[in-house]
> 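Before I ask anything, here is the structure I am working with.
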Amino acid sequence: MGHIAFLNCLPLLWGLARTGSLLDLDLTTGHPARLGAALLSGELDIGPVSLADYLGNTDRLVALPDIAIGSDGPVMSCLIVSRVPLAELDGRTVSLCSTSRTSVRLARLLLRKRIGVEPRYRVRPPDLRVMLSGADAAVLIGDPALRAALLRPAPAGVEVHDLGRLWREWTGLPFVFALFAARRELVERDPATVREVHAQLLAARDLGLREVDRLCGRAARWEPFDAATLRHYFTRALDYGLGPRQLLGIAQFTRLAGGPDAGFPADAPLDLLERADTAPGSPGWLPRRNNNVIVE
Ligand SMILES: C=C(O[C@@H]1C=C(C(=O)O)C=C[C@H]1O)C(=O)O
């Protein structure tokens, strides 16, 4: 199973350890772009997958319901950091961090369709100093983004834009940056194991959030953020749910961002693993489609 090497997945890791599930799982830690590639190559069976990677490979992956990594407003850790107002980025250079697959797509969508600019893009490692050298803006995710937003007061003239906030203000919807998926081949071969791991993930997430005060007190000992900041990040900024509103957000993003150069089609389906108890008599699993229709 994959595990994202960012703080955003710490409540899950805490829960997997505290429930004992960690003993059943062989965990591979990495950044989202690397974990997506590993899931698709068969190196991993199950785990978090950046939304764009999922949407580009729906024939090979099945999404797990009720759990995701998203936000319903400011997310704190997916940012555009810019030396100039966003409206002035037309024709300028924007660095995209190499660890992200979805935030970089969301940033390009927002800049093109919401702000109305068409910058030049280049991919760089997730180091803000490197990203901003020779560029006017940078799209950064995960812990380096949290550090950029919270620790260093932004130098004069540098603007920090939160992608979760921009999306929410534009569409009124939550945004899902990553969901959890299993390889379709495994779901067909061994649905019981996929269901068990799914149940373990939900239990781990719930326990991690129930024990969030203990988790934050502990994490603040070695993270550069204090316990209250971590608590806010886990409980107010991040949204670990995948229900009807989050599915609407996914459908809206798919339709707006999908296309030949996006890596996924505008009509990419979302097949959710059906729960055993909601599919009586099914041979093991049934795909449930995200048929949300967006009305303009
Ligand atoms: C909230 C976050 O969501 C993430 C953003 C991702 C992306 O942009 O591809 C992928 C997985 C998540 O880690 C974050 O990284 O801070």
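Everything quoted here is computed from the prediction, not taken from an experiment. Order of appearance sets the numbers: ligands from 1, and atoms from 1 within every ligand.
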> I'd like to know whether CZ of Arg112 has more than 12 heavy-atom contacts from other residues, nucleotides or ligands below 6.0 angstrom.
no
> Does CZ belonging to Arg236 count more than 12 external heavy atoms closer than 6.0 Å?
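It does not: Arg236 CZ has 12 such atoms or fewer within range.
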> When you pair each N or O of ligand 1 with protein N or O atoms, which pairs come out under 3.5 Å?
| from | atom 1 | to | atom 2 | distance (Å) |
| --- | --- | --- | --- | --- |
| ligand 1 | 8 (O) | Ser100 | OG | 2.7 |
| ligand 1 | 8 (O) | Ser103 | N | 2.8 |
| ligand 1 | 8 (O) | Ser103 | OG | 2.7 |
| ligand 1 | 9 (O) | Ser50 | OG | 2.6 |
| ligand 1 | 9 (O) | Ser100 | OG | 3.4 |
| ligand 1 | 9 (O) | Arg101 | N | 2.8 |
| ligand 1 | 9 (O) | Thr102 | N | 2.9 |
| ligand 1 | 13 (O) | Asn8 | ND2 | 3.0 |
| ligand 1 | 15 (O) | Asn8 | ND2 | 3.3 |
| ligand 1 | 15 (O) | Gly142 | N | 3.4 |
| ligand 1 | 16 (O) | Ser77 | O | 3.2 |
| ligand 1 | 16 (O) | Ser77 | OG | 2.5 |
| ligand 1 | 16 (O) | Gly142 | N | 3.2 |

> If the condition is ring-ring contact (aromatic ring centres under 6.0 Å, His included), which residues does Phe264 pass it with, not counting sequence neighbours?
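Once residues adjacent in sequence are excluded, the partners of Phe264 under the ring-ring contact (aromatic ring centres under 6.0 Å, His included) criterion are Phe253.
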> Under the ring pair (Phe, Tyr, Trp, His ring centres under 6.0 Å) rule, what pairs show up with a residue in residues 26-77, not counting sequence neighbours?
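Qualifying pairs, neighbours excluded: none.
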> With sequence neighbours excluded, tell me which residues meet side chain to side chain donor-acceptor pair (under 3.5 Å) with Thr171.
Trp167
> Is the shortest distance from a Lys or Arg side-chain nitrogen in Arg205 or Asp66 to a carboxylate oxygen in the other one below 4.0 Å?
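Salt bridge between Arg205 and Asp66, a charged N being under 4.0 Å from a carboxylate O: no.
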